[in-house]
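Written out below as structure tokens is the structure these notes cover.
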There are 2 protein chains.
Amino acid sequence: MAEPAYQRLDVDERRAQLLELGARLFTEHAYDELSMAQIAREAGISKALLYHYFPSKQAFFVATLERGATELVALTEPAADLPPAQALDQTLDGFLAWIEDHRETYLKVMRSSTGHAEVRELVEGVRAETAARLLDGLTGGEPPPPALRAAVRGWLWFMDGACQDWLEQEDLGRDEVRGLLLGTLAGAITASGHAELLAKLAE
Amino acid sequence: MAEPAYQRLDVDERRAQLLELGARLFTEHAYDELSMAQIAREAGISKALLYHYFPSKQAFFVATLERGATELVALTEPAADLPPAQALDQTLDGFLAWIEDHRETYLKVMRSSTGHAEVRELVEGVRAETAARLLDGLTGGEPPPPALRAAVRGWLWFMDGACQDWLEQEDLGRDEVRGLLLGTLAGAITASGHAELLAKLAE
DNA sequence: GAGTCTTGTTGACCGGCGGTCGACAGCGAC
DNA sequence: GTCGCTGTCGACCGCCGGTCAACAAGACTC
């Protein structure tokens with residue numbers, strides 16, 4: 001006989017398994033389409049165990065995204081003290097590369113039919129951090145003028161819009177997208193009335 | 001005695017009352033924070049009656065947004081056969097005016113659009129229609145080159161990002177935002193490698 | 001005013017959801 | 001072998017979105 005009724009796993013192993021499964025399921029189905037019971041069944045465990053590892057469905061969902069988010073933030077974090085132009089280059093390269101490697105995840109997050117505040121805050125958080133970095137590089141730490149701030153924030157939205165088009169239509173090269181993004185940033189800064197700052201991005 | 005157990009209302013009246021209440025509640029609380037039972041209680045009716053008027057919670061939610069959406073689409077629809085430059089002017093003016101008048105609704109939609117497929121489709125629908133109109137004006141009906149299409153689609157995102165910044169920070173004038181939007185569109189078109197089309201927007 | 005018809009309205013009900021809890025069982029220590 | 005730690009489970013809870021047959025408000029007849 002023997003045949004244990006269930007397989008006992010190490011905490012970290014189990015956690016990792018659940019996160020991986022969750023990441024897969026949540027890119028295949030919308031948040032509301034998945035119940036915790038389904039997820040547990042899929043993982044071959046009981047619902048209670050799933051709740052033993054994650055305090056709520058939301059928390060579980062966010063946790064499945066967090067690895068990607070921290071990875072993305074790390075990838076777009078430029079080496080310290082680089083001049084603004086190179087820092088921007090690095091950030092953009094990191095961003096586009098990550099997106100190309102995680103097409104489905106990126107699109108899913110952008111469209112997330114799951115929507116709860118947490119995801120929005122995650123996305124907005126990344127945008128806010130990137131904007132702060134960019135503005136810092138442009139103004140040298142001074143608080144930015146309103147129009148410039150709006151231009152940069154808008155540009156970060158532009159980035160997501162253009163990237164979605166890129167991934168969905170598949171008729172543009174990464175370099176073209178890069179050029180479009182950089183050129184539009186220059187255009188937005190100019191339109192905000194601070195063309196003099198462009199010199200910093202051309203260094 | 002007498003005192004009827006409930007007040008009987010005309011269908012249209014009841015429907016209008018529910019839509020108005022829903023619009024108010026949904027701008028005050030998040031979708032998931034409201035249950036249909038709560039909404040019904042608030043309206044002084046039974047949950048079943050709410051379901052008699054709207055087939056589902058999602059449908060009710062979308063219906064509360066739809067009046068605003070159709071209003072917005074109508075407001076941004078330029079008079080037929082206007083030259084591209086003036087059509088764009090009209091669209092932009094209509095858009096910014098509506099946003100200023102419906103601050104809370106706009107922010108609510110932008111923030112929940114990540115959340116529910118229906119809302120996202122509503123927003124994406126408006127964007128797609130606007131993009132098509134804009135591209136039509138630029139290319140004269142020809143299918144747009146990929147880079148230009150991506151630039152326009154990205155710009156529509158830029159618009160929403162910049163508008164959110166505008167509404168949240170309240171330190172910019174509407175004309176400044178208008179200038180930022182127009183200038184950035186020019187920058188994006190230039191960056192897409194189709195600067196020659198700018199002439200059409202300067203007429 | 002009694003009867004009747006239409007239809008706006010309701011209370012009771014359902015399956016399933018997210019979430020909880022006490023008890024069970026796999027396994028290393030001794 | 002048995003004991004203790006803890007990973008694991010089945011059973012349960014309150015509430016949610018959604019359904020349904022039946023009731024009653026009020027206009028219309030005679």
Side-chain angles (χ1 to χ4, degrees), chain A residues 1-23 25-26 28-65 112-119, chain B residues 1-23 25-26 28-65 112 115-119:
Chain A
M1 37 168 75
E3 284 291 311
Y6 58 83
Q7 193 176 1
R8 213 183 152 97
L9 280 182
D10 181 80
V11 175
D12 291 339
E13 245 178 293
R14 180 67 82 190
R15 210 186 140 83
Q17 173 214 342
L18 293 177
L19 281 176
E20 192 159 340
L21 175 69
L25 289 180
F26 278 125
E28 282 168 9
H29 307 89
Y31 181 87
D32 306 301
E33 288 169 14
L34 285 165
S35 74
M36 288 298 258
Q38 271 176 61
I39 297 170
R41 210 177 312 126
E42 201 86 15
I45 61 168
S46 71
K47 196 175 52 152
L49 187 57
L50 189 46
Y51 275 100
H52 177 72
Y53 281 91
F54 302 94
S56 71
K57 187 183 178 184
Q58 287 265 358
F60 178 56
F61 178 61
V62 171
T64 64
L65 293 177
S112 182
S113 46
T114 68
H116 305 95
E118 272 92 344
V119 185
Chain B
M1 35 168 78
E3 287 289 312
Y6 58 82
Q7 192 178 1
R8 213 183 154 99
L9 253 61
D10 181 80
V11 175
D12 291 340
E13 246 179 292
R14 180 67 82 193
R15 209 186 141 83
Q17 173 213 343
L18 293 177
L19 281 176
E20 192 160 339
L21 175 70
L25 289 180
F26 278 127
E28 282 168 8
H29 307 88
Y31 181 86
D32 306 299
E33 287 167 15
L34 287 165
S35 74
M36 287 299 259
Q38 270 175 61
I39 297 170
R41 210 178 313 128
E42 200 88 16
I45 60 169
S46 72
K47 195 175 53 153
L49 187 57
L50 190 47
Y51 275 100
H52 177 71
Y53 282 90
F54 302 95
S56 72
K57 186 183 178 185
Q58 286 267 356
F60 178 56
F61 179 58
V62 171
T64 65
L65 294 176
S112 65
H116 301 276
E118 274 90 348
V119 185

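On a predicted model such as this, the values are computed, not experimentally measured, just so you know. Letters A, B, ... are given to chains in the order of the sequence lines, protein chains preceding strands, and every chain is numbered from 1.
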| message | Under a plain distance cut-off of 3.5 Å, with no hydrogens placed, do Gln17(B) and Arg14(B) share a side-chain donor-acceptor pair? | response | yes
| task | Could you go through the side-chain contact (heavy atoms from CB on, under 4.5 Å) check for Ile39(B) and Met36(B) one step at a time? | result | CA-CA 5 Å; Ile39(B) 297 170; Met36(B) 287 299 259; 4.2 Å; yes
List the atom pairs, donor and acceptor, that lie under 3.5 Å between side-chain atoms in residues 48-65 of chain B and the rest of the protein, sequence neighbours left out.
unit_1   : atom_1 : unit_2    : atom_2 : d
Ser56(B) : OG     : Ala59(B)  : N      : 3.1
Lys57(B) : NZ     : Tyr31(B)  : O      : 3.0
Lys57(B) : NZ     : Leu34(B)  : O      : 2.5
Gln58(B) : NE2    : His116(B) : ND1    : 3.4
Thr64(B) : OG1    : Phe61(B)  : O      : 2.5

| field | Length of the line joining Gln17(A):CD and dT8(D):C1', which is rounded to integer Å | value | 13 Å
| message | I'd like to check the side-chain hydrogen bond (donor to acceptor under 3.5 Å, both in side chains) partners of Glu42(A); sequence neighbours left out, ordered by chain and number. | response | none
| field | Separation of dT10(C) P from Arg41(B) CZ (nearest whole Å) | value | 14 Å
| remark: With B for base contact, S for sugar-phosphate-only contact and - for none (protein heavy atoms under 4.0 Å), nucleotides 2-9 of chain C reads ----BBBB
For nucleotides 15-19 of chain D, list the nitrogen or oxygen atoms of the protein found under 3.5 Å from its nitrogen or oxygen atoms, one pair per line.
unit_1  : atom_1 : unit_2   : atom_2 : d
dG17(D) : OP1    : Lys57(B) : NZ     : 2.7
dG17(D) : OP2    : Met36(B) : N      : 2.8
dG17(D) : N7     : Lys47(B) : NZ     : 3.1
dG18(D) : OP2    : Tyr51(B) : OH     : 3.0
dG18(D) : OP2    : Lys57(B) : N      : 2.7
dG18(D) : N7     : Lys47(B) : NZ     : 2.9
dG18(D) : O6     : Lys47(B) : NZ     : 2.5

| said: Just to verify, what does Glu20(B) make a side-chain hydrogen bond (donor to acceptor under 3.5 Å, both in side chains) with, not counting sequence neighbours? | reply: none
| Got a sec, which residues hit salt bridge (charged side-chain N to carboxylate O under 4.0 Å, His left out) with Glu28(A), two or more places apart in sequence or on another chain? | Arg24(A)
